[in-house]
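So that the names make sense, note that chain A is the first sequence line, chain B the second, and so on, each numbered from 1.
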Amino acid sequence: MMTPMQDLAFAALSGIVIAAGCLIAFSRNLVYSAFALLGAFVGVAGYFVLLGADFVAVIQLLVYIGGIMVLYLFAVLMTSGIGDVTLTNRSIATKASAPLCIVLIILLGKLIYTTEWYVAAEPTEIAPTTAAIGNALLTEYLLPFELASVLLLGTLVGTVALARRGVKVIKKS
Amino acid sequence: MSVSNYFENIKDAATSVFEGFTITMSHLFRKPVTIQYPDKTPMPVTDMIPERSRSWLRVEMDICTACLNCEKACPIDCIKIDTEKEEGVGRYMTHFDIDMAKCMYCGLCTEPCPTGSIHFIPEFERATYSLDQMIERFVPEGGKVIPYKPPKKDKPEAEAPAAPEAPESPAETPQN
Amino acid sequence: MEQLAITIHENYLWGAPLWAVNLIVMFGASAVVLMLFVAPFAGITSFVERRIAARIQDRIGPNRVGPQGILQFLADGIKSLMKEDLIPTDADKPLFILAPYLVFLGMFTTFVAIPFSSKLIVSDLNVGLLFIFATSAITAVGLVMAGWGSGSKWSMLGGMRAAAQIISYEIPTGLAALCVILLAGSLSLQTIIAGQGAYPWQWYLFNNPFNPLAFFILLASLVAEGNRAPFDLPEAESELVSGYNTEYSGMRFLFIFFAEWANLYIIGALVTVLFLGGWQIPVGVSEWAGGVASWFPQVLQFLTFFLKVLVFVFLIIQLRWTLPRVRMDQLMEICWKYLVPVAFVCVMGVALWMIIWPEGLPWMTYLLTAVAGLIVAYYCYRVIWQLRNTKATLEFNPFV
Amino acid sequence: MIQMQHFLMMSAVIFVLGIYTVVTRKNVLGILLGTELVLNAAALNIVIFGFYGNQTIESSIYALFVIVLAAAEAAVALAVGLTLYQNFKTIDTTETRELKG
């Protein structure tokens, strides 16, 4: 079960995640929001480690931080104009949505703490999952795996088609 | 880009990187050409400077005629000569200051000098902590220097004291 | 690590709870690694790089502070510590302050998974290789943050270039590493090393004809990921002043550079672990050393590993003075048109090789080793040829 | 001692923060940031139930697919955002409404 060390890690990670999440949700500076994603992703990766999903944790770091987050940063920096440090990230309907969100989280909290969750066994120590995931992906989950790769290929082609400027016909003299 | 071109590019990259590595590696074993200037030079630095280089100015006071030609020639007025006259002693200099901080080493002052008294010396390491120290005072403070009177023209020239020559050029310059 | 914590807990600190001891040991270990290994290594590498660079350019290099200038890095460090900590007025202050630490964090976390010998490793993660690639991504974020936070156009462009470059070159890196992962069947660095032997023909480098290619791809793309020349576009002095670190000074500047030099070690260590047998020493030597003292084999292993790493550190430094900087389009062309396709071919080739010859081909490994030996011999011959036949016609005396 | 509920609560917090971001932002990129948070919360939930539930690696695989989908979504959405920026010179959702008669 969870040791005091893991409790400590959970507390630290929660602090990071909540701070980063608040920065994303409430900061008026879009760049801060984008950089705060780093904290959220690292925190969730830490949760994955605590929950024994080490492979998912590393993939989370690799894909989210190495790929998605840098993509976001690129997009933020490219669409806001380089040199404008104080760009704002305006919010709408905060007064209407804040109470709703508070209600939502209270509901979720009540749900989480009142439901009798099915806990199969005392969670065991962290076991390496990499080999098992690899086996499962190439046997049981082969179809979703292939579909995911096709999806990624489609994404690749679609993104290139979307993002390139209009094709200019270059006349060769 | 054809297929053969593609593989040719890869081959070119590999061979040129290899060749580049051999060249840089061979230079690693060669003797450095650096002259470690102030302290580890093959000969004194003043000897390495060519004969007619323009560095600091010096005035040989014993042959200075106080003609003020150099003061007039100086385009930026960095030479300041004061002369006074006194009965019995004659004309003498009370100041002969060269502000080396202003000097631009044009050498115009050395040309009109009748005796070659003002000339360049092959010395350039005179860093100081204040601009005041850059002023060369050839007449000591409060001192009087009686100018040299050149002999009459009809006298043979050989008797004139030879102007100090520039230091001898180094016989061999280091080759490394 | 955990063993150490448990030992300390049982023998020395009665009463203190295990988790506290664990925490202390964790921080202690990182402090020790940082103080005793990374910092001196980065410092001495900076000095060695300057000396080698100087000698390659027929100069002498820093040789005044201490014997042969070896203390130059200490002098530089002290100088940087005492410098004024400048923050530009246009800078985004929190990001500007945070960025060097992120860069440093991304580099330093990598040391967790790198093995120094068979027992000297902070934590043998079973996803070690992916962990190293993942944490180096944090460095990319740090560089973008440094570029943005500085509020300077040069920094901005440098940071964007760095991020684009690191993202692009992660693909050939991963693919080249995949060749070894296929052979080893594991992501744990210790398992990968255990799959190899001490002698060259037992290394993964010479396991099959595709691995040498993968080796060069990995080396090139790691150099590119570390923003080293000839791929140092993010800090191209001639174009971008100094790229993302233009506005930094004092200690923060030192942190960024610290990460860069320690990164040299990481590149060398990764290549060594994946292809060159890591810390493996011959069994006979290991047994003899074990007879002398129980810690002696570990020292030998560490020295073996370290020497192999140093060879690569030297090669990368030499590469910097060998090749000119590539252009941005050339950089992307090298990555996407050359490294990635060839790396794909390598992965497929290794997979096929493993299907056809599951036990490996012994004569092929010997042959590849012999070819590599011949190439090294030819290299030495060419170096000697260059020394004898290309005289530097430098009558070099500035005073004449 | 942390329980399953603590993890679930954190996941809920991330989820709600993400929802709030999506609802209140006017900037396309801001909305996408919120989406990432929501997706992360979902993946976290799956892994939590896998760890405390039946202890199989299926949860990890689902989480991996969530990550893959997030990557695909981010790439396409950012391409759309960039195209939007090229056409309108702004990525404010309240200003880019040419289709709205």
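- Across V66(D), I61(D), L69(D), the residue that shares the most heavy-atom pairs under 4.5 angstrom with chain A is I61(D).
- With a 4.5 Å cut-off on non-hydrogen atoms, L108(A) touches chain D through its side chain but not through its backbone.
- At a 4.5 Å heavy-atom cutoff, the contact between I48(D) and chain A is made by backbone and side-chain atoms alike.
- Counting heavy-atom pairs closer than 4.5 Å to chain D, the top-ranked of the candidates Y72(A), Y47(A), F48(A), Y113(A) is Y72(A).
- Contact of I112(A) with chain D is made through backbone and side chain together, with heavy-atom distances under 4.5 Å.
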Exercise. Run the numbers on F10(A) and F7(D) for ring pair (Phe, Tyr, Trp, His ring centres under 6.0 Å), then give the verdict.
Key: CA-CA 9 Å; F10(A) 180 81; F7(D) 278 110; 4.9 Å; yes
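- A41(D) does not touch chain A: none of its heavy atoms, backbone or side chain, sits under 4.5 Å away.
- The parts of V56(A) that come within reach of chain D are both its backbone and its side chain, each placing non-hydrogen atoms under 4.5 angstrom from that chain.
- For L8(D), the parts lying near chain A are the backbone and the side chain together; criterion is any non-hydrogen pair under 4.5 Å.
- Looking only at distances, no side-chain donor or acceptor of E58(D) sits under 3.5 Å from a matching main-chain atom of G50(D).
- Counting all heavy atoms, side chain and backbone alike, L37(D) lies closest to G21(A) at CD1-CA, 4.5 Å.
- Contacts of A98(A) with chain D are made by both backbone and side-chain atoms, with heavy-atom separations under 4.5 Å.
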Exercise. Walk me through it: do Q5(D) and T115(A) pass the test side chain to side chain contact (heavy atoms under 4.5 Å, CB included)?
Key: CA-CA 10 Å; Q5(D) 280 81 5; T115(A) 313; over 6 Å; no
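- Proximity to chain D (any heavy atom under 4.5 Å) is restricted, for A40(A), to the side chain, taken from C-beta onward.
- With a 4.5 angstrom heavy-atom cutoff, F55(A) touches chain D only via side-chain atoms.
- Atom OH of Y62(D) has 12 or fewer neighbouring heavy atoms from other residues, nucleotides or ligands inside a 6.0 Å radius.
- For M9(D), the parts lying under 4.5 angstrom from a heavy atom of chain A are both the backbone and the side chain.
- Here CG of L142(A) is found 8.0 Å from OG1 of T139(A). Values are rounded to the nearest 0.5 Å.
- Each of V76(D), I19(D), V80(D) has some count of heavy-atom pairs under 4.5 Å with chain A, and the biggest count is that of V76(D).
- The parts of L44(D) that come within reach of chain A are both its backbone and its side chain, each placing non-hydrogen atoms under 4.5 angstrom from that chain.
- Residues F65(D) and P144(A) are in side-chain contact: their nearest non-hydrogen atoms beyond the backbone lie under 4.5 Å apart.
- Atom CG of L156(A) sits about 12.0 Å away from atom OG of S149(A), to the nearest 0.5 Å.
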Quiz item: Where do I14(D) and V38(D) land on the side chain to side chain contact (heavy atoms under 4.5 Å, CB included) test, with the steps shown first?
Solution: CA-CA 7 Å; I14(D) 298 172; V38(D) 173; over 6 Å; no
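- Contacts between A43(D) and chain A at a heavy-atom distance below 4.5 Å involve backbone atoms as well as side-chain atoms.
- Side chains of L13(A) and L50(A) form a contact here, defined as non-hydrogen atoms less than 4.5 Å apart.
- Highest contact tally toward chain A, considering only L17(D), N40(D), L64(D), is held by N40(D) [criterion: heavy-atom pairs under 4.5 Å].
- Looking at L151(A), the atoms closer than 4.5 Å to chain D (heavy atoms on both sides) all sit in the side chain, from C-beta outward.
- Interface remark: L71(A) contributes backbone and side-chain atoms alike to the contact with chain D (heavy atom separation under 4.5 Å).
- A distance-only check finds no donor-acceptor pair linking the side chain of R25(D) to the backbone of L32(D) [under 3.5 Å].
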